[in-house]
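Here's the structure we're looking at; comments come further down.
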Amino acid sequence: MNNDFQSWLTRFFEAYYRYYPVNATFIGDHRFDHRLPDYSAAGVAAMLDDAARLLKDASVIETRPLSAVERIDKRLAEGFLRIQQWELASPHFQRGNPSLYTGEAIFGVISLFLTDYAPLADRAAAAIARMHAIGALLDQGTHNVHEAPLAWTERALRECQGARAFLGAGIDKLAADIPALQPALRTAADAALAAFARYASYLTDTLRYAQTPAPVAGPEALDRLLREGHCLTQSADEILAYALAKMAEAEAYLTQHAADFGAADWREALAALADFHPTTADYLDRYDELWEQSRQLVRAADLLTWPDFPIEYTPQPQWAREAAPSLYFLFYRAPAAFNRPSVHRYLVTPIDDSLPEAEQQRRLRATNDSVIKLNHVVHHGGVGHHVQNWNAYQGASRIGQVAAVDCASRIAMFCGGTMAEGWACYATQLMAEHGFLTPLEMFGEVHGDLRMAARAVVDVRLHRGEISVEEAARFYAERTAMSDAAAHGEAVKNSMFPGAALMYLMGRDTILELRGDLQRTLGSRFNLKAFHDRFLSFGSIPVALAAATMREEMTHAE
């Protein structure tokens with residue numbers, strides 16, 4: 001171990017947690033639970049100064065004595081810092097995105113109540129401090145953001161609405177369990193409500209009338225994200241051509257095989273998935289049932305080592321229900337890398353007899369067996385994200401341990417994306433290969449391929465300035481059958497986070513390519529479980545780096 005490098009990496013993380021205190025809470029470092037980010041001129045200058053100093057110091061650390069894991073961590077940490085420098089100068093983030101401020105402000109508080117990592121009174125005390133700090137953070141948003149795309153402003157307004165719900169009835173529900181702090185919580189929440197009201201007025205009365213087209217990253221920045229973040233060797237042109245070809249392949253299959261299900265077209269065939277759903281009485285049990293079936297299949301087929309990492313499917317807490325629809329409130333939020341509770345709560349859509357019958361049926365059809373199986377069990381709560389997260393937290397890479405933890409509006413570090421989403425998408429295909437899906441669900445997975453490829457197409461075209469957000473939304477609606485609302489929401493999200501939408505396709509298919517290469521080279525010596533366990537051991541680093549290392553290991557073993 002290179003002590004000079006480890007000391008540098010410790011400094012890197014100290015700066016990271018200090019400048020991103022809400023991320024630190026989600027990751028499980030709770031030293032900064034009372035703080036929110038500082039996007040004042042002085043705060044941004046301090047971030048840039050530290051980034052420049054860290055990069056300068058890293059340049060004189062020799063790479064030759066570093067271990068393979070240390071070389072990966074050095075590359076990723078330096079990449080993070082260079083991307084950070086770009087982001088701090090970009091209109092996509094604190095200079096031009098009003099929802100960055102609303103997201104950090106409200107999830108700064110909500111993050112303290114999602115898990116029981118400490119006594120409720122301690123977490124409430126941190127929440128009081130953060131609620132009192134919300135005014136300063138939102139004032140920075142007013143000062144920094146003078147124009148913005150209308151869709152970004154509207155997202156920030158929705159988050160203000162969610163914040164009002166949480167800081168009103170939500171905080172009162174939480175405070176009922178800690179009467180000694182109830183007055184202080186209410187006072188702090190009222191101060192935060194006033195701050196959100198001021199910010200909402202600014203968004204409504206000023207920013208709505210200072211509209212600008214969604215900014216594009218541009219070819220140079222997009223290339224930096226591909227190289228420094230995802231560590232991909234493909235150019236944007238190559239990714240675009242590949243994604244278009246994958247779309248054509250999926251469309252051809254869907255068109256050809258819709259009749260297999262007695263449907264006139266593939267949209268009609270896919271609509272039938274909603275007919276297969278649990279009843280209200282067995283709705284919650286269905287999650288556990290399918291989760292257990294998936295675990296048994298993985299063990300019986302010897303696909304990988306399934307860790308002892310308990311998960312509990314439970315209805316969304318009462319304090320969150322009014323606020324959640326307006327916020328980036330995830331069903332499955334990656335467990336903290338550090339200081340996490342022994343059981344992770346997976347917050348599902350509540351469906352019970354208290355709802356009107358029509359609403360129960362609407363929710364049951366929307367959360368049908370296919371959605372529960374593919375999204376909530378395989379992709380997120382089982383062999384996908386949850387198993388991958390456990391492996392990341394045990395891994396040797398310090399960057400890989402934390403990079404894919406879900407934070408206020410995105411994962412902790414851009415470089416964790418291809419592994420986190422690539423593996424989860426690969427996991428659904430793996431389970432399909434081993435018989436976990438019905439024929440109609442497998443047909444639905446091809447539709448998932450179509451949507452995944454479409455995201456990569458939009459990501460490249462949008463951030464090279466070739467299409468607008470509105471054109472991206474139409475593309476999604478026309479080519480992938482997303483609803484207009486879903487297509488608009490996806491296009492807006494793509495516009496905010498350059499390079500993030502392509503990580504699903506490129507991550508998954510890089511894994512598939514690696515597996516195919518090793519199978520062909522090793523022949524009968526290839527072991528699928530050993531392949532998966534070794535691959536997951538890298539943690540949340542770019543898939544391309546894990547693949548390169550495994551190919552090198554194979555070469556040395558020959």
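A 4.5 Å side-chain heavy-atom check between Thr10 and Arg398 finds at least one atom pair inside the cut-off. You'll find the side chain of Pro498 reaches within 4.5 Å of the side chain of Trp86, heavy atoms only. Side-chain contact between Leu88 and Phe93 is absent, with no heavy atoms from C-beta onward closer than 4.5 Å. Between Trp8 and Leu54, the closest side-chain pair of non-hydrogen atoms falls below 4.5 Å. Using a 4.5 Å heavy-atom cutoff, the side chains of Phe13 and Asp29 are not in contact. The shortest distance between side-chain heavy atoms of Phe531 and Leu514 falls below 4.5 Å. A heavy-atom distance below 4.5 Å is not found between the side chains of Asp459 and Met503. Residues Ser540 and Ser397 fail the side-chain proximity criterion, which asks for heavy atoms closer than 4.5 Å.
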Stepwise side-chain contact (heavy atoms from CB on, under 4.5 Å) test for Asp57 and Arg11: CA-CA 11 Å; Asp57 292 347; Arg11 287 172 49 212; 2.8 Å; yes
Steps toward side chain to side chain donor-acceptor pair (under 3.5 Å) verdict (Asp406, Tyr328): CA-CA 10 Å; Asp406 298 298; Tyr328 181 65; 4.7 Å; no
Test side-chain contact (heavy atoms from CB on, under 4.5 Å) applied to Thr521 and Arg551, step by step: CA-CA 10 Å; Thr521 301; Arg551 285 192 173 95; over 6 Å; no
Step-by-step salt bridge (charged side-chain N to carboxylate O under 4.0 Å, His left out) determination, Asp49 to Arg53: CA-CA 6 Å; Asp49 285 347; Arg53 189 177 302 111; 5.2 Å; no
Chi angles and distances behind the side-chain contact (heavy atoms from CB on, under 4.5 Å) call for Tyr242, Asp509: CA-CA 11 Å; Tyr242 181 75; Asp509 285 11; 2.4 Å; yes
Asp50 vs Arg18, salt bridge (charged side-chain N to carboxylate O under 4.0 Å, His left out): CA-CA, chis, key distance, verdict: CA-CA 11 Å; Asp50 267 354; Arg18 187 168 67 252; 2.9 Å; yes
Test log, rule side chain to side chain donor-acceptor pair (under 3.5 Å), inputs Asn375 and Tyr332: CA-CA 10 Å; Asn375 188 24; Tyr332 176 83; over 6 Å; no
Salt bridge (charged side-chain N to carboxylate O under 4.0 Å, His left out) between Asp449 and Lys246, intermediate numbers included: CA-CA 8 Å; Asp449 291 348; Lys246 296 297 288 187; over 6 Å; no
CA sep, side-chain torsions, deciding dist, call: Ser99, Asn97, side chain to side chain donor-acceptor pair (under 3.5 Å): CA-CA 6 Å; Ser99 77; Asn97 190 340; 2.9 Å; yes
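Electrostatic pairing of Arg410 and Glu87 counts as a salt bridge here, judged by a charged N lying under 4.0 Å from a carboxylate O. With respect to Glu78 and Arg227, no salt bridge is recorded, no charged nitrogen being found less than 4.0 Å from a carboxylate O. For the pair Glu251 and Arg479, the salt-bridge criterion is met [side-chain N within less than 4.0 Å of a carboxylate O]. Under a 4.0 Å N-O distance rule, the pair Arg82/Glu228 qualifies as a salt bridge. Under a 4.0 Å N-O distance rule, the pair Asp302/Arg299 does not qualify as a salt bridge.
Donor-acceptor pairing under 3.5 Å is lacking for the side chains of Glu14 and Tyr19.
Ring geometry, Phe80 versus Tyr20: the interplanar angle exceeds 60°, so the pair is classed perpendicular (tilted spans 30 to 60°). Ring-plane geometry between His532 and Tyr426 is classed as perpendicular, the angle between the planes exceeding 60 degrees on a 0 to 90 degree scale with a lower cut at 30. The aromatic rings of His376 and Tyr346 sit perpendicular to each other, their planes meeting at more than 60°, with 30° as the lower class boundary.
With Trp390 as the fixed residue, the side-chain contact (heavy atoms from CB on, under 4.5 Å) test singles out one of Gln394, Gln388, His386: Gln394.
Between Ala546 and Phe535, the closest heavy-atom pair is CB-CE1, 3.9 Å. What you find for Arg224 and Ile83 is that their closest heavy atoms are CG-CG1, 4.5 Å. Listed here is the closest heavy atom pair of Met482 and Ala487: SD-CA, 3.8 Å. The two atoms that bring Tyr504 and Ala501 nearest to each other are CD1-O, 3.4 Å, heavy atoms only. Scanning all heavy atoms of the two residues, the minimum distance from His385 to Ala420 falls at CE1-O, 3.1 Å. The minimum heavy-atom distance between Leu297 and Gly435, with the atom names listed, is CD1-C, 4.4 Å.
Rounding to the nearest 0.5 angstrom, the gap separating the CH2 atom in Trp291 from the CD1 atom in Ile311 is 7.5 Å. Put simply, CG on Asp4 and CD on Glu70 are 10.5 Å apart, with the number rounded to the nearest 0.5 Å. The distance from the CH2 atom of Trp423 to the CG atom of Asn389 is 12.5 Å, given to the nearest 0.5 Å. Taken to the nearest 0.5 Å, the CE atom of Met413 stands 13.5 Å off from the CD1 atom of Ile541. Interatomic distance, Leu232 CG to Ile239 CD1, rounded to the nearest 0.5 Å: 5.0 Å. Separation of atoms CG (Leu303) and CG (Leu430) is listed at 5.0 Å; rounding is to 0.5 Å.
A donor-acceptor contact shorter than 3.5 Å is absent between the side chain of Trp306 and the backbone of Val387. With hydrogens and angles disregarded, a donor-acceptor distance shorter than 3.5 Å links the side chain of Ser59 to the backbone of Lys56. A donor-acceptor distance shorter than 3.5 angstrom exists from the side chain of Thr418 to the backbone of Val543, with no hydrogens or angles considered. When atom types are taken as modelled, the side chain of Ser111 and the backbone of Gly108 share a donor-acceptor pair closer than 3.5 angstrom. Although no hydrogens or angles enter the test, the distance criterion places a donor-acceptor pair under 3.5 Å between the side chain of His463 and the main chain of Asn494. Of the possible donor and acceptor atoms, none in the side chain of Arg345 sits under 3.5 Å from a partner among the backbone N and O of Tyr313. Listed for the Glu471 side chain is a donor-acceptor partner under 3.5 Å among the backbone atoms of Ser468. Side-chain N or O atoms of Arg451 include none that pairs as donor or acceptor with a backbone N or O of Thr480 at under 3.5 Å. Gln401 places a side-chain N or O within 3.5 Å of a backbone atom of Gly395 that can act as its donor or acceptor partner. At least one donor-acceptor pair closer than 3.5 Å links the side chain of Tyr16 to the backbone N or O of Ala412.
For the pair Arg340 and Tyr117, the cation-pi criterion (under 6.0 Å, within 45° of the ring axis) is not fulfilled. Remark: Arg333 qualifies as a cation-pi partner of Phe107 under the 6.0 Å distance and 45° angle criteria applied to the six-membered ring. Under the 6.0 Å distance and 45° angle rule, Lys74 does not count as a cation-pi partner of Phe5.
For Phe261 and Phe443, the ring centers sit closer than 6.0 Å to each other. Between Phe338 and His30, the ring center distance fails the sub-6.0 Å criterion.
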